[in-house]
Amino acid sequence: PKFGEYGGQYVPEALMPAIEELADAYERYVLENEDGFMDEFRRRLADFGGRPTPLQRAEQLSARYDTEVYLKREDLVHGGAHKLNNALGQVLLAKYMGKERIIAETGAGQHGTATAMAAAHLDMPCEIYMGETDIARQRPNVFRMRINGAEVNPVTVGRGTLKEAISETMRDWATTVEETHYVIGSVVGPHPFPKMVRDFQSVISEEAREQAIEKTGGLPDSVVACAGGGSNTMGAFAEFVDDTGVELHAVEAGGSSLEVDEEEGVAPNSATLSTGGEGVLHGARTKLLQDSDGQIMESHSVSAGLDYAGVGPELAHLVDEGRVIPANVDDDAALEAFHRLSQDEGVIPALETAHAFGYLEEHHDELGDTVVVNVSGRGDKDLETVVEETSKRDLDVAPDMSVLNRVGGGGL
Amino acid sequence: PKFGEYGGQYVPEALMPAIEELADAYERYVLENEDGFMDEFRRRLADFGGRPTPLQRAEQLSARYDTEVYLKREDLVHGGAHKLNNALGQVLLAKYMGKERIIAETGAGQHGTATAMAAAHLDMPCEIYMGETDIARQRPNVFRMRINGAEVNPVTVGRGTLKEAISETMRDWATTVEETHYVIGSVVGPHPFPKMVRDFQSVISEEAREQAIEKTGGLPDSVVACAGGGSNTMGAFAEFVDDTGVELHAVEAGGSSLEVDEEEGVAPNSATLSTGGEGVLHGARTKLLQDSDGQIMESHSVSAGLDYAGVGPELAHLVDEGRVIPANVDDDAALEAFHRLSQDEGVIPALETAHAFGYLEEHHDELGDTVVVNVSGRGDKDLETVVEETSKRDLDVAPDMSVLNRVGGGGL
Amino acid sequence: MGLERAFADEPAFVPYLAAGDPSYEESLAYVEALAEGGADVIELGLPFSEPIAEGKTIQNAIVRSLDAGMTPGRFFEFVADLDVDVPLVCMTYYNLIYQYGNSEAKRASENASGETASQEGPRPFVEKAADVGIEGFVVPDLPAEEARPLRDACDEFGLDLIFIVAPTTEGDRLDRMREQVSGYVYVQARMGVTGARDDVDDATGASLARLSDWDVPKAVGFGIKTGDHAEEIVAAGADGVIVGSALVDIVAEGHENGRPTEAVADDLESLARELKQGALRGAQERPQPERT
Amino acid sequence: MGLERAFADEPAFVPYLAAGDPSYEESLAYVEALAEGGADVIELGLPFSEPIAEGKTIQNAIVRSLDAGMTPGRFFEFVADLDVDVPLVCMTYYNLIYQYGNSEAKRASENASGETASQEGPRPFVEKAADVGIEGFVVPDLPAEEARPLRDACDEFGLDLIFIVAPTTEGDRLDRMREQVSGYVYVQARMGVTGARDDVDDATGASLARLSDWDVPKAVGFGIKTGDHAEEIVAAGADGVIVGSALVDIVAEGHENGRPTEAVADDLESLARELKQGALRGAQERPQPERT
């Protein structure tokens, strides 16, 4: 259950039976395909999720960088991001385990909506915990969850954001482990989550590897993916890890600065792999953003989905091993990259994804002849943020939005 | 250029050379695959658009209706609807024709966003005409177009909605035909648009037919699709037209009532095929909603995308021939169907699409053993409308949205 | 006989207004002012809800007229009420012409059947138009290929059918128009749609040359707004000038500023006079008018 | 010797408060009130920013304490400042224990290197805790499988390490805890997390039975809020009762309503007394206490 010194199961004793049961189910159903679990999972990923997703040559970017740039189009997965790969896998696994109820927590709402969709598809009752502050600022995602039939439980304790929602979901799980499965949304948390989520997401690199060989006649020189918790990252890297000739670049959110404000407990970034220290968070030993006491820092990024103070333990390990190259891209560069991809390729990426393209812009000449970039999700959810953040900056590539001012009208 | 008495080229003389040139290009590139146009189109539909889309068995609906219900998942196409199939085809064709500029009009914004995406992908300058009233109420789609690099030209004449935008686009085209292609968004307008758009969209039924045979061992008994202008309808039907054993059901918006208010010139529906008369609109003879003088009625539907007073001439012809069965579903039934599909299958459909599922609910026992329903688009764009319209009604299946009221916060 | 007579002696000035813009009564006064100002033919717009061939100016005029209650029935009353001694042409879109038959048939059958397909086509409209004194039609969305039923009805009732020739019209399409046109041919001075511009396009000369052997008068329209424009156009060989947007602008401005009807009518008459005089000057500049 | 002594003569009452909730000074008074009320051991919470094992009540207490500036350094001062004659246990999350070493090391090396990986692990924290008079630890997110470094440090400095046994803990996991536990074992009365409930769970009896041959005292916690609860628990065989949320509720209520510190302290002392008395009553009801 470890990746070097990282990983483990740092959870309250009451949850131990649940994660042991889950670890057992993971081995049997996921690793050994008992009862044809993996076959059914892959079939549902295709029929319901829309897989395989294309590996598309990015024509304008390839010309711009004089590099063959390929986009792995996870934005085309049902729901608009790679998140469904994992949510569908876990809800299906819960069904195989005889669980009768799904819970999950969500911050920006992406994992919550993916879980709600998967639960509706598999006819499983589903409850999503979400901080009341997040509910107020992510209303469209709350609508989507409710419309998919999930209960959304507002968490009013503390500041009403992701951290409180995580605690609340743990609390629910600790009380209801027998009939309930807690769907964790990234390659974080106690074993077996980091491995299991990676395995569900590794369909990304499995497809991309085959598609790259088919389209280019060989393996890419580099694979680039953004990294928050790291589920799209590990999904995009997993099947390339043994291909030692393929460089793996994990791009975190550099936010507004890599400097931290120790006094306020705030890191104005989410660059855990680049700047974080070792510690224990949410059930696993990993790299994380903390103050010198070990209190977890408030992280920041223009992209809500990268805004997490920890990172998957396997990714931390692969960075220590030198197999994965950690990098970070700041808010400005991510926004520029967002606009560039939208205008040049007709693909509006999630702000998370935009960080990977910001890295491509800055480092394209170090990435070899062929680069695969994982387009982890689409940017529809980020329009409001992008317009607002763009208006604060003077970005060369940003479109003029004055047409909206000219005709008046309400908010987004 | 006709379908029985329908169709034709009822356009100002100044546009005639443009549509004649287009008709010629359509024959050469689309029908005869000159220069490998269709090969490139299909390749781009796959790599950029995410085709093929799955044909998914809807497990809960199949059980509910004791009928094998299959979903053709056009909601998974890049951009979230079948619209890209056509936009990509036309922008590529414009490129083959040596055009240097794309224009289009949009009402609710779906066709505008699809065109803007396709134009960005193919590196073509693009301008979208949109009424100022529509701009004010469809801001997210305006953002998307601008973000994809398209100019959005507000149309301030008259009431500032789709009809004025169409006139304005015609006006632009009439002035710039030599270098400009006007991308019409549905199977409407003068020849060759109805045939050409149908051919670009027929990939839907081409795939669905093969997939149905592969998954069920035979052809479906019925194909159901919603119909506004009719592009997803014709796309879903085209390859089944010659399979005379397959019933084709075109479901229009019944709105709030099929009665018209002749005095006000308002039809509270868009049920052109069921209730409209023959006439000439936007370049073609077809069925349309008009008063006794021949003035076009203002149509209405809870779904902006079905809200059109005309319909594709080929569809009108197929209805007259008895090959296509026209039907309509009212706003209430469409909203119920929206919630049902979302909750039961984890697929949030566009409100347009929901009409097809409202029909399925009402007529499932008349549709045979196997039914294919075209999921023409996803419903993310409709969340605000759905929440608002649902709150006005007492629908059994609608979720309670009070969690949002409890925590406060701003608008959608 | 027919509209050709209006072009016989001197270059014709052919103004356009949307009937009923901004109200029935005002519009009557405005049309009559054009006649006073020297109009040789008047094109009266019957507003259609989807005017795909119009520029913004005329599109707005159509909205005003519709909002004030204009319908085909009222239009015929309007024509009957007009006190002018100038030939009148109805400019409208095909669906209104086509449906007049349908709706008449519908009314006759008293909802006896749900069928609305016309057995009559454009004939009832033409018959009624002839009855109130309309002498011809311009139908911008009706191509020559689809014009046969209307041409036949016009022949039956002795009306002219005018076609618009664009700078790009040539070959077979030009031939099909030539076969069916009567009264005059509307020569579109430039690409695009109606609307007043600041200069005269080179395309005009080329179009006139292409039509030089047609035996109907050539009236040039699109973008003409001053007497000097009219002069230039006629000097280039046109038999008449068609002016719409520049006149509609006066109506629109008067309506927006709440000016008295008489003041607006005076301005219209005055611009009409300028345009007619310009056309007459242009005729003097021509080497030799070829037609009489 | 060690915390076991607190359970030797009679059933122990073990209250919990978050240190520094809602302020340093108030909290000192509240903890001292618990001692006055008869506490045999006091569990002092050192608040961690991500308290995944706590119920809402204690989670909010942690937020209040952190907002008031509590840190590990202040916590040690707090313990030193306390004027009580009762054994103290530190309840916290592993990262704070683990990082104290890292950060001490970091400070020592004066940013000489970017490396933050600890060479010391939990030892510096334990050393400091021992120094200020802490006698043991409860670390809810530290499983027995990962506890060896902390166990070793506790042994070095003579501190106890308490493990939480859940109703579901059994087999190998139970064995690993038994090997490492000292002081007392924290018996979780029911599934879930900390928080006051209205009844006593059947799981308690079963858990006590499973641990009957362990040679450390069994203190039962989770959901105990009244003297009657305490009585019932002890009658069922517990060597002590652990009470947190019911006490924190008093602190929270006092804070929200701005009550005087003394009034809140009186209420805490009074509830402590009730709980202790309940425990004592429970002991009377037991057939025969097996340990002395």
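Just so it is clear, the values below take in all heavy atoms, side chains as well, and ignore hydrogens, waters and symmetry mates. We name chains A, B, ... by the order of the sequence lines, and we start the count at 1 in each one.
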How about residues 41-48 of chain A versus chain B: which residues have heavy atoms under 4.5 Å apart? A/Arg44, A/Ala46, A/Asp47, A/Phe48
Quick check on the structure: residues of residues 73-92 of chain B within a heavy-atom distance below 4.5 Å of chain A, by number. B/Arg73, B/Asp75, B/Leu76, B/Val77, B/His78
Chain B shares the most heavy-atom pairs under 4.5 Å, among A/Leu122, A/Val397, A/Asp123, A/Leu55, with A/Asp123
For chain A, find which of B/Leu341, B/Val142, B/Leu71 contributes the most heavy-atom pairs closer than 4.5 angstrom. B/Val142
Using non-hydrogen atoms only, which part of A/Lys215 is less than 4.5 Å away from chain B: side chain, backbone, both, or neither? side chain
Are the side chains of B/Asn148 and A/Gln343 in contact, using a 4.5 Å heavy-atom criterion? no
Where the side chain of A/Gln60 meets the backbone of B/His121, is there a donor-acceptor pair that is under 3.5 Å apart? yes
Between OG of B/Ser342 and CE of A/Met117, what distance do you get to the nearest 0.5 Å? 11.0 Å
What option among B/Val347, B/Thr53, B/Val386, B/Thr390 has the most heavy-atom pairs under 4.5 Å with chain A? B/Val347
So which residue, A/Lys381, A/Glu345, A/Glu151, A/His339, ends up with the most heavy-atom pairs under 4.5 Å with chain B? A/Glu345
Output the distance between atom CZ (A/Phe143) and atom CD1 (B/Ile348), rounded to the nearest 0.5 Å. 11.5 Å
With heavy-atom distances below 4.5 Å as the criterion, would you say the side chains of A/Arg378 and B/Asp380 are in contact? yes
Do B/Met401 and A/Ile147 have side chains that get closer than 4.5 Å, going by heavy atoms? yes
Looking at B/Gly50 and A/Pro54, what are the two nearest heavy atoms and their distance? CA-CG, 3.7 Å
Side-chain contact test, heavy atoms from C-beta onward, threshold under 4.5 Å: evaluate it for B/Arg146 versus A/Asp400 and give yes or no. yes
